[in-house]
Enquirer: 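Once you've had a glance at the structure underneath, I'll fire off some questions.
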There are 2 protein chains.
Amino acid sequence: MGQRKFRNMDEFAKASGISRPTLSKYFNDPESVRQSTRQRIEKALKQYDYRPNFYAMNQNRRTTKSIGIVVPNLADPFFNEISRAIELACVEAGYNPIVLSSHGRTHRERENLEALKSLRPAGVLLAPFGRESDEAYIRNYGKDVPLVLFDADVVNGGEAFVGIDNYQTIDLIVKYLFRSGEPPCFFEMETPSNPNANKRHQAFVEAMDRIGHPTHIFKAKGEGWDFEEIGKSEGGRMLAESAFPTNTILCSNDRLAIGLLSAAYQQGIRVGHGPECSLRIAGHDDHPFSRFTCPSLTTIAQDYTAIAETAVATLFKAIESEQRSNERSITLFGGSLVMRDSA
Amino acid sequence: MGQRKFRNMDEFAKASGISRPTLSKYFNDPESVRQSTRQRIEKALKQYDYRPNFYAMNQNRRTTKSIGIVVPNLADPFFNEISRAIELACVEAGYNPIVLSSHGRTHRERENLEALKSLRPAGVLLAPFGRESDEAYIRNYGKDVPLVLFDADVVNGGEAFVGIDNYQTIDLIVKYLFRSGEPPCFFEMETPSNPNANKRHQAFVEAMDRIGHPTHIFKAKGEGWDFEEIGKSEGGRMLAESAFPTNTILCSNDRLAIGLLSAAYQQGIRVGHGPECSLRIAGHDDHPFSRFTCPSLTTIAQDYTAIAETAVATLFKAIESEQRSNERSITLFGGSLVMRDSA
DNA sequence: ATAAAATTTTTACGCGCGTAAATGACTTGG
DNA sequence: CCAAGTCATTTACGCGCGTAAAAATTTTAT
């Protein structure tokens with residue numbers, strides 16, 4: 001394959017004996033031409049190795065086949081995994097995903113969305129920063145482009161939100177910790193930007209209320225995305241000061257827990273659910289490293305695939321309906337308890 | 001800002017009182033117009049909020065401002081960090097980086113490169129899979145597009161290669177381990193696809209030769225990218241069988257080491273450099289989690305920034321020279337020893 | 001076999017911008 | 001103030017493909 005090079009679709013049309021408009025239709029959607037024509041085209045494609053000019057293709061299309069995916073930070077395994085799942089779902093639907101990470105910088109969220117706009121994407125999937133996002137901007141953005149939010153919600157932003165039901169997950173793990181030992185206290189960031197953190201805080205308060213135990217919450221100072229480092233230094237300090245009133249600590253997310261585990265290890269504290277252990281630590285999110293921590297981390301697993309597929313399906317529905325619907329849908333998935341060695 | 005919406009550059013030209021060709025020049029390179037004109041344009045830009053059509057812009061350009069960055073797997077923190085550094089360097093140079101991950105699937109490397117081709121990028125930075133890459137294809141690719149390889153080399157692929165000097169790094173850490181305790185044995189994947197692994201193997205053999213100690217190498221069975229899992233299961237089995245003849249194990253990379261540390265912990269083996277410890281474990285790459293393992297991992301830090309910046313600079317030189325040069329350059333950076341608690 | 005439906009071909013135009021050449025206006029230094 | 005140089009404007013064309021409409025062809029149903 002690939003003897004000749006073609007400068008444009010016309011040349012390829014001549015060589016393959018198929019008219020240019022038909023070829024154009026085929027490249028838009030291979031299903032849209034007759035089976036026999038499709039085979040003829042694909043045979044010619046194998047023989048000649050031609051690819052339409054991406055830019056010319058998209059210039060005049062009403063709508064492109066590109067889907068923008070914007071996440072706060074690809075270095076965070078959670079966003080890494082979920083954007084990978086979303087990417088996959090887009091490719092399977094015949095779309096062309098474009099993943100953009102804001103690298104933990106709030107202002108880059110807006111820059112990424114702006115950059116996407118000039119690509120005229122068919123739709124955008126956005127995991128907003130949360131507190132620090134430009135909410136008005138996002139709401140406005142959704143009026144121009146089909147937009148589905150995931151992980152973190154913005155009131156009235158886009159067509160829909162798909163995320164996790166933090167009340168269910170926190171209730172689940174609090175209940176487990178309570179039944180299997182002392183009731184937990186809660187370890188979180190002092191000023192979390194992610195709204196899930198706030199919901200988890202609230203959910204913890206309510207869960208402790210329900211089981212009728214006093215609520216203890218400990219806040220780690222620190223800014224940025226180095227959650228492990230903050231968990232280690234701040235949590236380590238609290239451990240050293242014996243600040244925690246119970247032997248069970250529920251961390252707002254796995255990354256904090258990983259830092260806390262590291263601090264506990266350094267201080268010679270035995271962590272685990274066995275009788276010879278003096279501390280139990282649990283996390284939330286089932287970070288890919290949670291199974292390799294020492295001890296392995298008991299946590300809540302989010303269903304990445306379900307969230308990804310629902311977000312993508314919702315977006316496609318919005319794209320196909322061709323109009324912004326008035327009813328905004330919110331889908332929350334439950335998480336499942338992963339019992340490992342740390343609690 | 002942003003009262004009116006413009007359908008094209010002509011409308012914006014009329015409204016701003018600047019001719020379209022001048023605007024076109026400005027968007028190509030803001031420095032290419034006179035300072036006073038530039039200020040007028042930027043003032044108008046603030047007032048009106050216009051962005052040129054990305055597709056029309058690139059269609060007729062000799063060369064676009066896009067740089068393709070292709071890595072085997074963004075889920076691997078090493079590639080995550082280095083692609084982030086490269087992305088940054090490209091943005092700073094006024095280019096538009098496009099990061100594509102092959103998600104650990106060999107065939108996607110070629111698909112990504114093909115997809116990039118139809119974007120007519122100014123250049124491409126590629127970290128090939130190695131053994132499983134289509135080497136002939138990559139060599140050929142470099143004839144069409146300015147191409148710089150990093151991390152893993154392909155003989156005669158592209159303009160240049162930028163990577164790490166595994167001989168220096170392995171020698172460094174072997175020497176350290178030898179001076180601070182028993183000489184190490186080596187723990188690696190049985191059939192690594194990454195050529196760095198092969199070089200490290202070779203470097204280990206030579207380093208042990210130099211210090212005059214017998215060379216022991218242990219190979220973990222397993223395929224794919226779950227290095228931690230493989231390190232834990234295979235390494236754990238070897239630990240349980242007391243297969244290692246020395247108390248010091250040098251792992252081919254940090255991800256294997258993290259798995260091995262996890263296995264050692266589960267078996268109640270105390271790992272570290274202190275007298276109360278029975279095992280020392282060292283890694284290679286300074287994985288972001290290495291400082292949070294239990295104990296924290298002694299390892300070799302690669303200079304991501306240096307590699308990224310050199311790769312980008314080399315690519316830009318190739319782009320500017322407008323012709324494939326005959327001399328292929330190879331740049332190798334040394335690593336530095338990071339002494340933590342595990343060895 | 002024939003009519004109706006589905007698909008392809010022919011023809012033609014336009015998208016938004018890059019780019020080139022000629023012309024015109026401005027800046028700089030003496 | 002003028003000449004030379006620099007930069008902006010005017011004019012005009014083309015890029016490669018999307019897309020629309022009408023004509024021609026093929027397929028399907030009757």
Side-chain angles (χ1 to χ4, degrees), chain A residues 4-45 48-66 94 96 117-122 322, chain B residues 4-45 48-66 94 96 117-122 322:
Chain A
R4 263 176 65 191
K5 281 277 174 188
F6 299 103
R7 284 181 17 264
N8 55 38
M9 204 183 273
D10 247 326
E11 290 190 9
F12 178 63
K14 293 270 191 310
S16 63
I18 289 154
S19 76
R20 194 174 67 71
T22 305
L23 286 175
S24 175
K25 243 185 135 214
Y26 168 84
F27 285 118
N28 250 308
D29 176 12
E31 306 281 346
S32 69
V33 301
R34 201 188 287 148
Q35 197 54 235
S36 58
T37 334
R38 184 173 167 183
Q39 283 167 3
R40 279 203 302 151
I41 295 174
E42 279 165 0
K43 199 181 136 202
L45 233 33
Y48 288 124
D49 179 37
Y50 161 78
R51 293 193 64 138
N53 179 309
F54 174 81
Y55 301 104
M57 233 172 103
N58 284 297
Q59 177 176 15
N60 300 316
R61 266 218 196 117
R62 302 183 193 298
T63 164
T64 67
K65 284 278 186 182
S66 297
N96 167 35
K117 214 182 225 171
S118 63
L119 298 183
R120 298 189 304 117
E322 301 241 3
Chain B
R4 262 175 67 191
K5 281 278 172 188
F6 299 103
R7 285 181 15 265
N8 54 40
M9 203 182 273
D10 246 327
E11 290 190 8
F12 178 63
K14 295 270 191 308
S16 63
I18 290 154
S19 74
R20 195 177 65 72
T22 304
L23 287 176
S24 174
K25 243 186 134 208
Y26 168 83
F27 286 117
N28 252 308
D29 175 11
E31 307 282 347
S32 69
V33 301
R34 200 191 288 147
Q35 197 53 234
S36 59
T37 337
R38 183 174 167 182
Q39 282 166 4
R40 279 204 302 151
I41 295 175
E42 278 163 2
K43 198 182 138 203
L45 234 32
Y48 289 123
D49 179 37
Y50 160 78
R51 293 192 63 139
N53 180 308
F54 175 81
Y55 300 105
M57 231 172 104
N58 285 298
Q59 178 177 13
N60 300 316
R61 269 223 194 111
R62 300 184 194 300
T63 164
T64 67
K65 284 279 188 181
S66 298
N96 166 36
K117 215 181 225 172
S118 64
L119 299 182
R120 297 188 306 120
E322 301 240 4

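Note: hydrogens, waters and symmetry copies are ignored here, and every other heavy atom, side chains too, is used. Here the structure is a predicted model, which means the values were calculated and not measured.
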Enquirer: Report the distance from atom OH of B/Tyr26 to atom P of C/dG18, rounded to the nearest whole Å.
Expert: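 Answer to the nearest Å: 13 Å.
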Enquirer: Of the nucleotides D/dG16, C/dC17, C/dT27, which has the atom closest to the A/Asn8 side chain?
Expert: D/dG16
Enquirer: OP1 or OP2 of C/dC17 less than 4.0 angstrom from a side-chain nitrogen or oxygen of B/Asn28, does that happen here?
Expert: no
Enquirer: Does a distance-only test, which skips hydrogens and angles, find a donor-acceptor pair under 3.5 Å between the side chain of B/Gln59 and the base of C/dG18?
Expert: no
Enquirer: Please give, in whole Å, the distance from D/dG14 C1' to A/Tyr55 OH?
Expert: 19 Å
Enquirer: Could you tell me the separation between the CZ atom of B/Arg34 and the C1' atom of D/dG5, rounded to a whole number of Å?
Expert: 11 Å
Enquirer: Between C1' on C/dC17 and CG on B/Leu23, what's the gap in Å once rounded to a whole number?
Expert: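 Distance check: B/Leu23 CG to C/dC17 C1' gives 11 Å.
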Enquirer: Of A/Tyr50 and B/Ser19, whose closest DNA chain D nucleotide lies nearer the 5' terminus?
Expert: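 It is B/Ser19, whose closest nucleotide lies nearer the 5' terminus.
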Enquirer: Using a 3.5 Å distance criterion without hydrogens, assess whether the side chain of B/Arg120 forms a donor-acceptor pair with backbone atoms of B/Asn58.
Expert: yes
Enquirer: Starting at OG of B/Ser24, measure out to CZ of B/Arg61 and round the result to the nearest 0.5 Å.
Expert: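 Interatomic distance, B/Ser24 OG to B/Arg61 CZ, rounded to 0.5 Å: 7.5 Å.
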Enquirer: Report yes if a side-chain nitrogen or oxygen of B/Thr22 is closer than 4.0 Å to either non-bridging phosphate oxygen (OP1 or OP2) of D/dT9; otherwise report no.
Expert: yes
Enquirer: Within this structure, what is the NZ-to-P distance between A/Lys14 and D/dG16, rounded to whole angstrom?
Expert: 14 Å
Enquirer: Can you find an N or O donor on one side and an acceptor on the other, under 3.5 Å apart, linking the side chain of A/Arg20 with the base of D/dG18?
Expert: yes
Enquirer: Tell me whether the OP1 or OP2 atom of C/dG16 has a side-chain N or O from B/Asn53 closer than 4.0 Å.
Expert: no
Enquirer: Side chain to side chain contact (heavy atoms under 4.5 Å, CB included), that's the test. Do A/Asp49 and A/Phe6 meet it? Break it down for me.
Expert: CA-CA 9 Å; A/Asp49 179 37; A/Phe6 299 103; over 6 Å; no
Enquirer: To the side chain of A/Met9, which of D/dT9, D/dT26, D/dC17 is closest?
Expert: D/dC17
Enquirer: For the side chain of B/Asn60, starting at C-beta, report the closest nucleotide among D/dC17, C/dC26, D/dC15.
Expert: D/dC15
Enquirer: Does B/Ser24 have a side-chain nitrogen or oxygen under 4.0 Å from the phosphate oxygens OP1 or OP2 of C/dC17?
Expert: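 No, B/Ser24 has no side-chain N/O under 4.0 Å of OP1/OP2 on C/dC17.
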Enquirer: Looking at every strand, decide which applies to A/Pro52 at a 4.0 Å heavy-atom threshold: base, sugar-phosphate, or nothing.
Expert: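 Since only primed, P, OP1 and OP2 atoms lie under 4.0 Å of A/Pro52, the category is sugar-phosphate.
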Enquirer: Using the side-chain contact (heavy atoms from CB on, under 4.5 Å) rule, pick out the option among B/Arg7, B/Lys14, B/Met9 that qualifies with B/Glu11.
Expert: B/Arg7
Enquirer: Report the distance from atom CD of A/Glu31 to atom P of C/dT7, rounded to the nearest whole Å.
Expert: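 My rounded result for the distance is 12 Å.
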Enquirer: Hey, which of A/Asn28, A/Ile18, A/Val33 is the one that makes side-chain contact (heavy atoms from CB on, under 4.5 Å) with A/Leu23?
Expert: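 Of A/Asn28, A/Ile18, A/Val33, side-chain contact (heavy atoms from CB on, under 4.5 Å) with A/Leu23 is met by A/Ile18 alone.
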Enquirer: Atom CD of A/Glu11 and atom C1' of D/dC15: how far apart are they, to the nearest Å?
Expert: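 Taking atom C1' of D/dC15 as the reference, CD of A/Glu11 is at 13 Å.
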Enquirer: Rounded to whole Å, how long is the line connecting atom CZ of B/Phe54 with atom P of D/dC17?
Expert: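 Nearest whole value for this atom pair: 16 Å.
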